[in-house]
Amino acid sequence: MRLVRWTPDDLFRRLDDVVAVYGEAMNYRTDLLAARRGYIATHVRRPGFRAVASLTSEGHLAGFGYGYLGSPGQWWHDQVHRALDGDARQHWLTDCFEVVELHVRPPAQGLGLGSRQLTALLTMAPGSTALLSTPEADEQRSRAWRLYRRFGFVDLLRHFHFPGDERPFGILGRGLPLTPQAPADRTASAPGPSVP
Ligand SMILES: CC(C)(COP(=O)(O)OP(=O)(O)OC[C@H]1O[C@@H](n2cnc3c(N)ncnc32)[C@H](O)[C@@H]1OP(=O)(O)O)[C@@H](O)C(=O)NCCC(=O)NCCS
């Protein structure tokens with residue numbers, strides 16, 4: 001398995017695969033995926049865009065992650081901005097890299113790919129904070145929650161509802177840069193996290 005850095009064009013060229021991995025990982029209905037495809041296509045052009053992909057030796061996509069710098073006028077940023085109080089807004093949203101998607105195909109989950117992808121993404125990320133949202137779940141049993149906690153993400157908002165989505169989400173954040181000394185970054189010494 002190779003971990004590679006993707007340019008915006010790299011991701012755009014593999015958009016069908018990206019949406020397929022996203023759908024499998026999140027177990028989303030096909031009709032939701034068409035809309036998501038359109039969003040991702042616009043996300044690749046946002047400032048500060050960074051992306052990584054896990055590729056098999058045959059070049060199949062096993063996982064990916066991407067994010068960009070948040071700014072007013074972006075839907076996710078505006079929802080979180082509205083929900084945070086003034087000090088928290090100032091601290092977390094002023095210079096913020098949003099981890100927008102991080103997914104691994106189910107057969108490849110639990111093998112460390114998500115950790116490697118997140119390490120690479122946060123190492124490349126511009127900004128002084130990193131934010132993300134993830135569906136509420138049992139923190140001990142959920143791979144996503146375990147991963148984010150290990151990387152030092154803390155709660156900004158819990159049981160948050162985005163308009164049009166009935167699921168509650170946690171909004172989590174951590175400071176940047178990601179230092180190799182961070183106790184969360186267990187993958188820093190693991191083989192293969194460097195991204196060409
Ligand atoms: C979340 C996700 C990206 C993590 O990637 P991954 O490659 O599966 O994760 P890793 O192998 O790096 O392991 C992450 C954590 O899950 C734990 N884990 C592994 N197998 C597990 C299992 N069967 N049950 C619960 N936790 C498990 C790992 O031990 C690790 O936790 P730790 O750091 O406390 O040891 C991936 O599982 C995924 O795509 N999940 C579905 C989609 C999703 O939730 N995306 C994030 C939404 S924001």
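In listed order, ligands and their atoms are each counted from 1.
Considering both main-chain and side-chain atoms, A144 never comes within under 3.5 Å of ligand 1 through any nitrogen or oxygen pair. Of the N or O atoms in G110, one or more lie within a sub-3.5 Å distance of an N or O in ligand 1. Ligand 1 has an N or O atom lying under 3.5 Å from an N or O atom of G112, backbone or side chain. Geometrically, ligand 1 and G114 share a nitrogen or oxygen pair separated by less than 3.5 Å. Not one N or O of P135 is nearer than 3.5 Å to an N or O of ligand 1, by distance alone. Inclusion of R143 in the set of residues having an N or O under 3.5 Å from an N or O of ligand 1 is warranted. Note: an N/O pair closer than 3.5 Å links R146 and ligand 1 by distance alone. Note: an N/O pair closer than 3.5 Å links H103 and ligand 1 by distance alone.
With hydrogens and angles ignored, the 3.5 Å screen pairs a side-chain donor or acceptor of T94 with a backbone N or O of Q90. With hydrogens and angles ignored, the 3.5 Å screen pairs a side-chain donor or acceptor of R146 with a backbone N or O of Q140.
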Quiz: residues 125-134 side-chain donor-acceptor pairs under 3.5 angstrom, not counting sequence neighbours:
| unit_1 | atom_1 | unit_2 | atom_2 | d |
| --- | --- | --- | --- | --- |
| S128 | OG | D95 | O | 3.4 |
| T129 | OG1 | W92 | O | 2.8 |
| S133 | OG | W76 | NE1 | 2.9 |

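Side-chain contact of H103 with E101: a donor-acceptor pair under 3.5 Å is present, judged by distance alone.
Against a heavy-atom cut-off of under 4.0 Å, S115 is close to the following atoms of ligand 1: 10 (P), 12 (O). Residue L111 has at least one heavy-atom neighbour below 4.0 Å for each of these atoms of ligand 1: 11 (O). Listed by atom number, the atoms of ligand 1 under 4.0 Å from S133 heavy atoms are 48 (S).
In terms of heavy-atom proximity, R50 sits nearest to R5 at CD-NH2, 3.4 Å.
When non-hydrogen atoms are compared, ligand 1 lies under 4.0 Å from neither the backbone nor the side chain of E101.
Y148 counts as a contact of ligand 1, since one of its heavy atoms falls under 4.0 Å from the ligand. Residue contact check for ligand 1: G63 places no non-hydrogen atom closer than 4.0 Å to it.
Partners of Y28 under the side chain to side chain donor-acceptor pair (under 3.5 Å) rule, at least two apart in sequence or in another chain, are R167.
Side chains of I40 and L15 form a contact here, defined as non-hydrogen atoms less than 4.5 Å apart. Taking the side chain as every heavy atom from C-beta outward, L122 and V99 approach each other to under 4.5 Å.
Relative orientation of the F160 and F162 rings is perpendicular, given thresholds of 30° and 60° on the angle between their planes.
With N27, T134, L172, V99 as candidates, the residue nearest to atom 47 (C) of ligand 1 on a non-hydrogen basis is T134.
Comment: D16 engages R37 in a salt bridge, judged by a side-chain N to carboxylate O separation of less than 4.0 angstrom.
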